[in-house]
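In what follows, a single structure is set out as structure tokens and then discussed.
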Amino acid sequence: LRCAVTELNPNYDFITAKYPEQQLREIPRNKLKLIRLLGQGAFGEVYEGTLKNMCANVSELSVAVKTLPALSTQQAETDFMMEAVIISKFMHKNVVKCLGVCFEEHPRYIILELLEGGDLKTFLRDSRPKTDQHYFLSMKELVHLSLDVANGCRHLEEKHFVHRDIAARNCLLTTRGEGRIAKIADFGMSRDIYSADYYRKSGKTMLPIKWMPPEAFLDGVFTTKTDVWSFGVLLWEMFTLGYMPYPGQTNSDVMQFVSSGGRLDPPEKCPARLNKIMILCWNSIADIRPTFSEIIELLDMCLQDDEVLNAPVGLCHFAMAESFKDA
Ligand SMILES: C[C@@H](Oc1cc(-c2cccc(S(C)(=O)=O)c2)cnc1N)c1cc(F)ccc1N1NC=CN1
């Protein structure tokens, strides 16, 4: 892996230079049973599965299994392995856990904890007030989910790891019901699930333009302040209940709009204290954007503010059909 992780990748030192000793845990393939397809991944399919007698008390553990097709390029193999190494480095309640890998034969597997609530973007969209359905998601719950993701991001920041793709589609929930916890759960620039969210740049690289700050899409500069900007867009996704950012605008429009100072409109009826956090995250000068510790403090204050807690949820109606596909 050392040879494969080029020095060009700013996360290089994070991944191998400092932690060469930590090995990925190889799981015997016969302990794993794939049950059903969860979705198509960037590399290959993702399955729900079970892992047999991993630890004494639990006989079968529900897991998610990312697969890499047998006929993959060397680059895909390396990226796939690197994702397992990255996830295995984090130990935090708001970052998905990697239970192990099956790398000794093809197809290769990455085994993750199964988060039964599914992804955050789908959850937000499914939570929209419908005519008959009694509304069940409160501002307080949305702020709590935002704090979960901010805590996960602070952990990455502490480890000097730049995620580059913080977005609701890459977060998962332990459950959809009460007591749900959000976790950052995809480190592979998951462009598969919501491919419309990504802009096809030269060649195969796809970029989540609508979640990126100007210095990233103009100059390819990625720092922890990139993740802060993206977190601001995630907050906007949260309080619009999963709208596509910059509704009706293509990625090219957005690059033009944002680099000349344009910003997302704060969600309608969204409390000022929340809008202020988003605006701080979208400062064109990266160093002035808040740290995740500061964001956590500001979100905690939202929990003490009745104007926030009593605000109506997700009553934004954009003229354009929000599922507008990027040209
Ligand atoms: C890799 C995959 O990981 C998982 C997906 C689901 C999961 C995803 C969707 C639905 C359900 S569920 C509610 O049917 O259990 C569980 C649950 N746990 C995982 N660890 C994933 C991580 C993300 F951060 C975002 C999307 C996905 N995928 N990949 C393919 C489909 N989702």
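Start at 1 and go down the list; that is how both ligands and their atoms are numbered. Residue numbers count from 1 along this sequence.
The residues Lys66 and Asp186 are annotated as salt-bridged, a charged nitrogen and a carboxylate oxygen being separated by less than 4.0 angstrom. With salt bridges taken as basic N to acidic carboxylate O contacts below 4.0 Å, one links Glu215 and Arg289. Taking the charged nitrogens against the carboxylate oxygens, Arg180 and Glu141 do have a contact shorter than 4.0 Å, which makes a salt bridge. Checked for salt-bridge contact, Glu60 and Lys52 miss the test: no charged N lies under 4.0 Å from a carboxylate O.
Ligand 1 places these atoms under 4.0 Å from at least one heavy atom of Glu116: 13 (C), 15 (O). Residue contact check: Leu38 has heavy atoms under 4.0 Å from atoms 6 (C), 7 (C), 11 (C), 14 (O), 16 (C), 31 (C) of ligand 1. Residue Glu113 approaches ligand 1 through these ligand atoms, each under 4.0 Å from one of its heavy atoms: 18 (N), 19 (C), 20 (N). If you number the atoms of ligand 1 from 1 as listed, the ones under 4.0 Å from a heavy atom of Asn170 come out as 24 (F). Residue-ligand proximity, Ala64 to ligand 1, at heavy-atom distances under 4.0 Å covers atoms 4 (C), 18 (N), 19 (C), 20 (N). Of all atoms in ligand 1, listed by their number and element, those nearer than 4.0 Å to a heavy atom of Ala185 are 22 (C), 23 (C), 24 (F). Each of the atoms 25 (C) of ligand 1 lies under 4.0 Å from some heavy atom of Arg169. Here is the list of ligand 1 atoms found below 4.0 Å of a heavy atom in Leu114: 17 (C), 18 (N).
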_Evaluation steps, ring-ring contact (aromatic ring centres under 6.0 Å, His included), between Phe187 and Phe90_ = CA-CA 11 Å; Phe187 288 76; Phe90 301 120; 5.5 Å; yes

*Report the C-alpha separation of Thr250 and Asp253 in whole Å, then their side-chain angles, then the decisive distance to 0.1 Å, and conclude whether the side chain to side chain donor-acceptor pair (under 3.5 Å) test is met.*
CA-CA 5 Å; Thr250 67; Asp253 299 339; 3.1 Å; yes

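Side chains of Asn151 and Asn94: a donor-acceptor N/O pair is absent below 3.5 angstrom, by distance only.
Between Leu51 and Ile111 there is a side-chain heavy-atom pair separated by less than 4.5 Å.
Between Glu48 and ligand 1 there is no heavy-atom distance shorter than 4.0 Å.
Here the shortest heavy-atom distance to atom 23 (C) of ligand 1, taken over Leu172, Ile110, Leu115, belongs to Leu172. By heavy-atom distance, the residue among Lys97, Gln40, Glu45, Arg36 lying nearest atom 12 (S) of ligand 1 is Arg36.
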